[in-house]
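Atom set for the values below is all heavy atoms of this structure, side chains included, hydrogens, waters and symmetry mates excluded.
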Amino acid sequence: MSDSEEENLERQMKFVILGDGASGKTSLAMRFAQDAFGKQYKQTIGLDFFLKRITLPGNISVTLQVWDIGGQTIGGRMLDKYIYGAQGVLLVYDISNYQSFENLEDWYAMVKKVNEEAENQPVVALVGNKIDLEHMRTVKADKHQRFCQENGFSSHFVSAKTGDSVSLCFQRVAADILGIKLNKAEMEQSQRVVKADIVNYSQEPVARTGNPPRSSMCAVQ
């Protein structure tokens, strides 16, 4: 394939992120689209939108329109309209919260209902979030894999907090939609982990002046 502009294909895809409140859906979307992580939990009311352009093998440029749907909308009248037309669905749960995994049955039931008569079915991914809390895991990996196998989901484990495998998750789903196979090098490149935030335990806020404050921490010997 040549590098001509005609062959630099541009596509748009709609992704929806579904799951219980506090399972990390907004954090996942923010980490993917903005490479940011908010330390304080804020409940999403209704939905939020995020946009991010990615490039897949073959110089295929894809703009992902990510719909972050509030966890309280499971019984809402607008949920079917939010889901409608999505090419990718991310079912997200917190690996340290078993109930958030159990409730995915209800979220997936709504996805199936909306797409009953759709010509093209969405690609559905099962996303176990908060793998930085592995020591607090309540959902065993084999239960996750069984749910995937029974329903034909792709399987993902991520941490929105550290960034572990977040970009890879979205890239793999987009590639699956287009029937593109990511090779090992491309997957490893997307499996980036960001450094954990440094917590400032100082009680007094530091003024943002011209000269940065000097650290009171001792140097590591």
Worksheet, complete the sentence: When rounded to the nearest 0.5 Å, the distance separating CG of Leu126 from CG of Leu104 is 6.5 Å
Practice prompt. For Phe37 and Met30, run side chain to side chain contact (heavy atoms under 4.5 Å, CB included): C-alpha distance rounded to whole Å, both residues' side-chain angles, the deciding distance at 0.1 Å, then the answer.
Written response: CA-CA 7 Å; Phe37 180 78; Met30 284 184 64; over 6 Å; no
Discussion item. We want to know whether Trp107 and Glu105 form a side-chain donor-acceptor pair, criterion being a heavy-atom distance below 3.5 angstrom.
Written reply: no
Practice prompt. Could you check if a side-chain atom of Ile177 sits within less than 4.5 angstrom of a side-chain atom of Phe15, using non-hydrogen atoms only?
Written response: yes
Discussion item. Donor-acceptor check, side chain of Lys52 to backbone of Phe32, threshold 3.5 angstrom: yes or no?
Written reply: yes
Worksheet item: Would you call Arg31 and Asp35 a salt bridge, taking side-chain N to carboxylate O under 4.0 Å as the test?
Response: yes
Worksheet item: Taking it one step at a time, do His144 and Tyr93 satisfy ring pair (Phe, Tyr, Trp, His ring centres under 6.0 Å)?
Response: CA-CA 10 Å; His144 170 109; Tyr93 71 95; 5.8 Å; yes
Practice prompt. Look up atom CD1 in Ile69 and atom CD1 in Ile83, then write down how far apart they are to the nearest 0.5 Å.
Written response: 5.5 Å
Practice prompt. Check whether any side-chain heavy atom of Leu28 lies under 4.5 Å from a side-chain heavy atom of Val92, and answer yes or no.
Written response: yes
Fill in: Salt-bridge present (Asp94, Lys130; N to O < 4.0 Å)
yes
Discussion item. I'd like to know if the side chain of Asn129 and the backbone of Ala160 have a donor-acceptor N/O pair within less than 3.5 Å.
Written reply: yes
Worksheet item: Which value, rounded to the nearest 0.5 Å, describes the distance between Phe170 atom CZ and Met13 atom CE?
Response: 13.0 Å
Worksheet item: Taking the six-membered ring where the residue is Trp, are the ring centres of Trp67 and Phe49 under 6.0 Å apart?
Response: yes
Worksheet item: Cut-off 3.5 Å, side chains only: do His156 and Ser165 have a donor facing an acceptor?
Response: no
Worksheet item: Is Met110 close to Asp106 at the side-chain level, that is, under 4.5 Å between some pair of heavy atoms?
Response: no
Worksheet item: Which is it for Leu64 and Ile54 under the side chain to side chain contact (heavy atoms under 4.5 Å, CB included) test, yes or no, and what are the steps along the way?
Response: CA-CA 8 Å; Leu64 300 187; Ile54 63 173; 4.1 Å; yes
Worksheet item: Is there side-chain contact between Leu90 and Leu18, with at least one heavy-atom pair below 4.5 Å?
Response: no
Worksheet item: Which pair of non-hydrogen atoms, one from Gln121 and one from Asn115, has the smallest distance, and what is that distance?
Response: NE2-O, 2.8 Å
Discussion item. Pair Ser159, Asp164 - check side chain to side chain donor-acceptor pair (under 3.5 Å), show working.
Written reply: CA-CA 5 Å; Ser159 169; Asp164 190 354; over 6 Å; no
Worksheet item: Hey, is the main chain of Gln99 close enough, under 3.5 Å, to the side chain of Asn97 for a donor-acceptor pair?
Response: yes
Discussion item. Taking the side chain as everything from C-beta on, heavy atoms only, tell me whether Asn151 gets closer than 4.5 Å to Val124.
Written reply: no
Worksheet entry | Side-chain heavy-atom pair Leu178, Arg11 within 4.5 angstrom cut-off | yes
Worksheet, complete the sentence: One should read off an interatomic distance between Ile131 CD1 and Met136 CE, to the nearest 0.5 angstrom, of 15.0 Å
Fill in: Minimum heavy-atom distance between Pro122 and Gly88, given as atom pair plus value
CB-N, 4.5 Å
Practice prompt. Just do the side chain to side chain contact (heavy atoms under 4.5 Å, CB included) check on Arg53 and Ser61 with the steps written out, would you?
Written response: CA-CA 7 Å; Arg53 178 185 285 182; Ser61 182; 3.2 Å; yes
Item to complete: Report yes or no: do Thr26 and Asp68 form a side-chain donor-acceptor pair below 3.5 Å?
Response: yes
Discussion item. Using a 3.5 Å distance criterion without hydrogens, assess whether the side chain of Lys14 forms a donor-acceptor pair with backbone atoms of Tyr84.
Written reply: yes
